[in-house]
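Reading through the structure tokens given below for one structure.
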Number of protein chains: 2
Amino acid sequence: MELLLNERKIKILEAIITDYIATAEPIGSRTIAKKYNLGISPATIRNEMSDLEELGLIEQPHTSAGRVPSDKGYRMYVDNMMHSRDLTDEEINFIKNAISFNVGQIDYLMQQTAKALSMLTNYTTIVTEPTGSSLKLKHIQLVPIDSKSVVAVMITDDKAVKNKVLTAETVPTPDILNALSLDINAVVSGRTTDEMSKEKISSVLNKYPLYSSLITDVFKAVISLLQNSKDVHMYTSGMRNLLGFPEFSNAEKAQNIFKALEEKDLLITLLGDEKNVDKIQILIGGENNMQELKDCSIVRANYKVGSSSVGRIGIIGPTRMNYTRTVSVLSSIIGKMNSIMANITDDGGFDE
Amino acid sequence: MELLLNERKIKILEAIITDYIATAEPIGSRTIAKKYNLGISPATIRNEMSDLEELGLIEQPHTSAGRVPSDKGYRMYVDNMMHSRDLTDEEINFIKNAISFNVGQIDYLMQQTAKALSMLTNYTTIVTEPTGSSLKLKHIQLVPIDSKSVVAVMITDDKAVKNKVLTAETVPTPDILNALSLDINAVVSGRTTDEMSKEKISSVLNKYPLYSSLITDVFKAVISLLQNSKDVHMYTSGMRNLLGFPEFSNAEKAQNIFKALEEKDLLITLLGDEKNVDKIQILIGGENNMQELKDCSIVRANYKVGSSSVGRIGIIGPTRMNYTRTVSVLSSIIGKMNSIMANITDDGGFDE
DNA sequence: TGTTAGCACTCAACGAGTACGAGTGCTAAT
DNA sequence: ATTAGCACTCGTACTCGTTGAGTGCTAACA
């Protein structure tokens with residue numbers, strides 16, 4: 001693809017994209033000649049622009065308007081022309097302060113990450129908890145609530161703490177509940193769902209015939225926690241930022257986007273499910289196949305927890321988003337998260 | 001106040017408010033005469049409207065436009081002229097289906113309540129967890145996470161389950177942790193913070209001199225959970241609905257409101273702190289003293305949990321909101337919640 | 001005395017007409 | 001190959017008259 005573009009075309013395309021990202025206004029040949037001194041006249045630029053348009057890299061909203069980058073143009077820019085930029089010390093400190101304290105509370109950490117990202121980029125951000133079929137349970141404890149219900153407190157090996165309230169016809173006494181917790185722990189802790197032995201599960205069920213329905217529910221809760229990415233928690237921040245962009249200032253358009261962003265399933269799809277942790281992915285405009293979000297781009301990446309489970313981070317902005325900066329910020333924050341998560345899982349603790 | 005208005009003025013004011021709620025357009029004397037057959041001519045209506053304007057109950061956006069209700073006008077309407085309306089069976093069923101299942105998970109219940117309310121009213125809704133200084137702890141259990149941290153699982157007497165991760169220099173063994181949990185339970189469970197004896201707290205601390213810092217943290221967590229309404233969880237829904245109203249279709253205005261609604265402290269203030277459970281309160285326009293929300297009204301109420309702790313529900317819409325319907329829906333949902341909550345706390349369970 | 005018809009007046013909204021200017025593509029000169 | 005020049009396009013902004021919904025006032029009426 002790049003072979004088709006000579007040095008000059010590249011410079012012109014870059015100028016158009018840079019300018020459009022900054023101003024959201026179509027840009028014409030004269031303006032390019034004035035603002036970016038490429039040493040050529042508007043007429044020459046016009047000829048080149050005509051070629052760029054033929055290649056589908058830029059578009060004209062209407063005759064006698066300037067040119068605007070197309071999705072394909074952004075794609076070219078992102079793939080071949082974007083140069084990364086380091087964050088300032090100030091920004092790095094901002095990130096550190098925002099997400100480095102109180103990391104014991106993993107939900108809080110994620111909320112803070114989402115917030116920091118949206119503040120730094122001025123776009124909308126989504127952060128999900130880690131999931132993955134190789135996620136392991138570290139510890140489970142049943143705690144009585146009342147005569148009809150108990151809560152299963154589950155701690156995964158990335159040290160997220162989860163509750164699931166279970167109802168039972170009769171709830172075991174606290175002592176039995178403790179013993180039961182220990183027996184269940186012996187079966188599930190330190191294992192992925194695949195590694196949990198069916199026989200051991202049955203033997204626990206047989207040991208407590210009175211409470212088999214409760215115990216079944218407990219195992220179900222464990223499996224659903226470890227496997228079911230549908231009810232993964234998500235933390236979003238900075239929705240309102242989108243309202244600040246002229247492309248979404250039309251209330252109806254904005255409403256449609258907001259509606260889409262309220263649908264959890266859609267967001268999960270949007271964040272993707274590739275396990276390749278290290279790469280930042282960019283979806284430009286229509287590349288996400290959601291009609292409502294066709295004027296949005298998504299910059300997304302995974303962060304790593306433990307050996308293999310991953311959480312996802314996504315940044316949603318207008319197609320005309322500042323990719324360079326967004327990628328820099330995201331990559332910096334991913335680095336920070338990975339190191340925090342590595343520290344969290346370092347410690348052996350009490351698992352059997 | 002009502003004495004100042006004769007029957008006819010009341011009818012006219014009512015017509016203006018009803019119409020404006022429906023159309024968001026200023027309404028003139030001719031239109032009133034045509035649409036609401038009050039048996040009088042536009043000229044007469046004009047005279048009456050002139051009086052209503054003098055009383056500050058309606059306003060003219062500009063000469064030669066129709067009239068629009070003022071905040072004072074809405075206040076008059078809400079206080080004296082609103083007649084309640086029963087929900088349809090369909091709506092009642094909708095509420096029942098939305099919030100009656102899976103009530104074991106109290107956070108889910110609240111999320112569903114917020115969602116149901118925003119769907120029924122088409123406004124933005126906020127629901128907070130119950131708080132109150134007389135909230136009691138039902139049960140607490142410490143669960144090990146790793147060699148440096150434990151999680152305190154706390155169950156309040158409204159059966160909300162809360163986690164707080166605590167770090168410690170050395171974490172007790174599981175056995176000691178269990179014993180410790182029992183001792184702490186003996187001090188805190190079934191009591192408000194005021195009722196917890198300082199001597200008993202000290203005696204627990206003395207019994208486990210090795211873990212005094214951890215235990216201190218546990219008590220701190222308990223007190224903060226029961227008392228600190230600042231970090232109460234809130235569930236909002238239907239933010240985007242506001243974008244549908246012409247008064248907020250201006251993106252900048254909408255952004256300001258969204259910004260305000262992202263501030264938790266402000267929302268807490270907005271929901272108020274009166275303990276009077278039974279009454280639905282209405283704040284019209286500028287009556288909430290927040291500049292950003294001067295074009296919004298808030299309909300709010302408390303729901304009751306157990307004997308005295310309360311949660312709050314608020315509905316935020318344009319000043320031109322449908323008060324009648326909003327009040328009906330809210331009062332119906334409050335009724336439903338109160339009965340659910342009453343059932344939840346009915347059961348004695350395992351507290352000591 | 002309260003009600004209403006009539007009338008002059010106001011003013012936002014709308015549409016037609018016009019000027020402007022940013023932008024284009026094409027052609028011919030360099 | 002580059003560029004100056006030029007005719008052309010078309011959205012934007014502006015003016016200006018028209019329209020119509022609305023008002024307040026006055027005088028007539030029941």
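Predicted, not measured: the structure shown is a model, and the values here were computed from it. Just the heavy atoms: all of them, side chains too, but no hydrogens, waters or symmetry mates, feed the values below. Proteins get letters first, then strands, A, B, ... in listed order; numbering begins at 1 in each.
Within a 6.0 Å sphere centred on CE of M234(A), heavy atoms belonging to other residues, nucleotides or ligands number more than 12. Environment of CE in M119(B): sparse, with no more than 12 heavy atoms of neighbouring residues, nucleotides or ligands closer than 6.0 Å.
Screening L293(A), L271(A), L261(A) for a side chain to side chain contact (heavy atoms under 4.5 Å, CB included) with L266(A), the sole residue that qualifies is L293(A).
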Show which side-chain atoms of residues 316-330 of chain A pair as donor or acceptor with protein atoms under 3.5 Å away, not counting sequence neighbours.
| unit_1 | atom_1 | unit_2 | atom_2 | d |
| --- | --- | --- | --- | --- |
| T319(A) | OG1 | D295(A) | O | 2.9 |
| R320(A) | NE | E247(A) | OE1 | 3.4 |
| R320(A) | NE | E247(A) | OE2 | 2.7 |
| R320(A) | NH1 | I21(A) | O | 2.7 |
| R320(A) | NH2 | E247(A) | OE1 | 2.8 |
| N322(A) | OD1 | T324(A) | N | 3.4 |
| N322(A) | OD1 | R325(A) | N | 3.1 |
| Y323(A) | OH | S297(A) | OG | 2.6 |
| Y323(A) | OH | T319(A) | O | 2.6 |
| T324(A) | OG1 | Y77(A) | OH | 3.3 |
| R325(A) | NE | L120(A) | O | 3.4 |
| R325(A) | NH1 | E91(A) | OE2 | 2.6 |
| R325(A) | NH2 | E91(A) | OE2 | 3.0 |
| R325(A) | NH2 | L120(A) | O | 2.8 |
| T326(A) | OG1 | N322(A) | O | 2.7 |
| S328(A) | OG | R85(A) | O | 2.9 |
| S328(A) | OG | T324(A) | O | 2.8 |

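Annotation: proximity of residues 41-49 of chain B to DNA chain C (heavy atom, distance under 4.0 Å) is found for S41(B), A43(B), T44(B), R46(B), N47(B), numbered in ascending order. A heavy atom lying under 4.0 Å from DNA chain C marks the following residues of residues 20-29 of chain A, by number: G28(A), S29(A). In the region residues 58-71 of chain A, proximity to DNA chain D at under 4.0 angstrom, judged on heavy atoms, holds for H62(A), T63(A), S64(A).
Proximity of a side-chain donor or acceptor of T125(B) to a complementary backbone N or O of A114(B) within less than 3.5 Å is detected. In this structure, D71(A) contributes its side chain and G286(A) its backbone to a donor-acceptor pair below 3.5 Å. Remark: side-chain polar atoms of N250(A) are paired, donor with acceptor, to backbone N or O of E252(A) under 3.5 angstrom. Put simply, the side chain of K72(A) gets close to the backbone of L55(A): a donor and an acceptor are under 3.5 Å apart. Between the side chain of T18(B) and the main chain of E14(B), a donor-acceptor pair closer than 3.5 Å is present. Formation of a donor-acceptor pair under 3.5 Å by the N37(A) side chain with backbone atoms of G39(A) is not found in this model. Side-chain atoms of T124(B) come within 3.5 Å of backbone atoms of G238(B) as a donor-acceptor pair (strictly under, hydrogens ignored).
Overall, the helix from dT1(C)-dA30(D) to dT30(C)-dA1(D) carries an axis bend of 20° between its ends, with five pairs at each end and the value rounded to 10°.
Residue pairs that meet the salt bridge (Lys or Arg N to Asp or Glu O under 4.0 Å) test with at least one member in residues 281-294 of chain B, sequence neighbours left out, are R75(B)-E287(B). Contacts classified as ring pair (Phe, Tyr, Trp, His ring centres under 6.0 Å) and involving residues 235-264 of chain A (residues at least two apart or in different chains) are given here: Y123(A)-F245(A), F258(A)-F258(B). Under the side chain to side chain donor-acceptor pair (under 3.5 Å) criterion, the residue pairs touching residues 54-70 of chain B are E53(B)-R67(B), with sequence neighbours excluded. Within the structure, every pair that satisfies the salt bridge (Lys or Arg N to Asp or Glu O under 4.0 Å) test and touches residues 31-40 of chain B, not counting sequence neighbours, is listed here: D19(B)-K35(B).
Looking at residues two or more places apart in sequence or on another chain, you find a side-chain contact (heavy atoms from CB on, under 4.5 Å) between A43(B) and S41(B), R46(B).
Here the NZ-OG1 distance, from K264(B) to T236(B), works out to 11.0 Å after rounding to the nearest 0.5 Å.
Spacing between atom CD1 of I40(A) and atom C1' of dA1(D) amounts to 12 Å, rounded to whole angstrom units.
Protein chain B touches strand DNA chain C; the 5'-most and 3'-most nucleotides with an atom under 4.0 angstrom of its non-hydrogen atoms are dT3(C) to dA12(C).
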Contact list (N/O, under 3.5 angstrom) for nucleotides 28-30 of chain D vs protein:
none

